[in-house]
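Okay, structure first, notes after.
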There are 2 protein chains.
Amino acid sequence: MAMTTEELQETAAPKGKYHHGDLRQTLIAACYDIINERGADAFSLADACRLANVSTAAPYRHFKDRDEILAEVTARGFEAMTARAVEAVEAQGEGTLEGIVAMGQAYVDFALSEGGVFRLMFGGAPALQDSEPVIELGNNCFGYLIQQITIYCMAHGMEQDAGAVAVKMWTFVHGASALLMDDKYEKVTPDLDVKAMIADAIPMLLGKPG
Amino acid sequence: MAMTTEELQETAAPKGKYHHGDLRQTLIAACYDIINERGADAFSLADACRLANVSTAAPYRHFKDRDEILAEVTARGFEAMTARAVEAVEAQGEGTLEGIVAMGQAYVDFALSEGGVFRLMFGGAPALQDSEPVIELGNNCFGYLIQQITIYCMAHGMEQDAGAVAVKMWTFVHGASALLMDDKYEKVTPDLDVKAMIADAIPMLLGKPG
DNA sequence: TCTTGTATGTTAGCTGCGTTAACATATGTT
DNA sequence: AACATATGTTAACGCAGCTAACATACAAGA
């Protein structure tokens, strides 16, 4: 994902060939990028077709309908998000507070850099959320988040229910991502440092302030 | 807002009259309700016209384009949300912890009962967010939330920066609303009591656990 | 190699939506 | 009463999603 327009067009039509080669993957990638650049509302499947140099009917050889493509894009989103979370944790060491904080920051970074897909992953239509790959990869993603926080809590002998603490942290980080992405902080606290706020709040939610 | 279909159709066409009477308000109300019932994605202006018994061209006598109607709907959303917050606070008494918790619960309740509009208020297209009434009523709404939390903090002599605490609470409640609305908790903690979690987390974010 | 079936493209056409232009009818002001 | 203005309608356009009918490439067996 996250290819440039030129890269997409290279991949697009293997020069003069009637068949494309891998239109399915190319379309998913094109949609992924368009949605992140212009937002899901401004997205049209026809635009993706133009990017891939195929007719607007071509997608229907690979997908049932538009929603099925969006579901695939959404699933990729969860994949990418999980990858970022894993990366963040492993860079800091599993079971450390630094790892948890880094994971929270990765969550925020993902929302900021891939806002369009992030909205699909959460606000998306029921047709998307109920699709097979989305359910599975979504559960993987959330499961990993919760699991890592839980591991940390257990390792440090928290008296509270580790799962409950994990959900609270997730809630906080998700709220921060959403509000930041939508520029809602700007109006009220223009100079807010979101990452600092998260690093600050996480210990509080652990019940061990300071 | 929140009229039944029958009520809308009563308001719709003052039987046989060529002119409508108050198409502008009727359309806004119709859009508001459709969006909450079917989601902003499944919404079409044409549907709202059918509900109001007018042609699909009629709206353009009152609005520049579709986005202007959605902006109006979004603004109504902020109005309604502010009203609910004020109600919650005043029922419990300004400056009390109970008032703050009730306000948080009102936030969640609003997201659940008017999910479609809630998404517009946050995830909405730039064209909506940048409109005059949305900016103003949005600022009113957030301003009230922050203000009330700040009042509470000051009244109880919090050592921390009251504004910073307020933003943390808002973040948490917003995250809870979003995740709950999108059924994201279900998969991970099926039996979560969100309101209890909020009542639990708020004191933590105040830096005074227990 | 030829043939033939299947996968994967294309073009043409349908429907619905947003929008505008041209026209029609109320309303209210002189 | 006449006219300007506000607010409706119908007709038409372009674009998007989607389907059907047709075309082309590929792959596998005779």
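Chain letters run A, B, ... following the sequence lines, proteins first and then strands; every chain starts at 1.
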L45(A) CG to dC15(D) P, in whole Å, measures 16 Å
H174(B) and F118(B) aromatic centres sub-6.0 Å: yes
Separation of L27(B) atom CG from dG18(C) atom P, in whole Å? 12 Å
Below the 4.0 Å mark, does dG8(D) have OP1 or OP2 next to a side-chain nitrogen or oxygen of H62(B)? yes
Main-chain N/O of E186(A) paired with D183(A) side-chain donor or acceptor, under 3.5 Å: no
Please tell me whether Y152(A) and E94(A) have a donor and an acceptor in their side chains that are separated by less than 3.5 angstrom. no
Between D67(B) and R61(B), which residue's closest nucleotide on DNA chain C lies nearer the 5′ terminus? D67(B)
In whole Å, what is the span from the CG atom of N53(B) to the P atom of dT10(D)? 12 Å
Taking CD1 from I69(B) and C1' from dC17(C), how many angstroms apart are they, rounded to a whole number? 13 Å
Whole Å only: how far is the CD atom of E68(A) from the P atom of dT19(D)? 12 Å
In Å and rounded to the nearest 0.5 Å, what is the CZ to SG distance from R84(B) to C141(B)? 11.5 Å
Taking the nucleotide of DNA chain D with the nearest heavy atom to each, does D47(A) or K64(A) sit closer to the 5' end? D47(A)
Round to the nearest Å and state the distance from R24(A) atom CZ to dA7(C) atom C1'. 14 Å
Which whole-number value in Å describes the distance from L70(A) CG to dA16(D) C1'? 13 Å
Can you say whether the rings of Y185(B) and W170(A) are parallel (under 30°), tilted (30 to 60°) or perpendicular (over 60°)? perpendicular
Using a cut-off of 4.0 Å on non-hydrogen atoms, how would the nucleic acid contact of A57(A) be classed: base, sugar-phosphate, or nothing? base
In terms of side-chain heavy atoms of Y60(B), which of dG18(C), dG17(D), dA21(C) is nearest? dG18(C)
How many Å lie between CG on D41(A) and P on dC15(D), as a whole number? 20 Å
Between dC17(C), dG17(D), dA21(C), which nucleotide has the shortest distance from any of its atoms to the side chain of S44(A)? dG17(D)
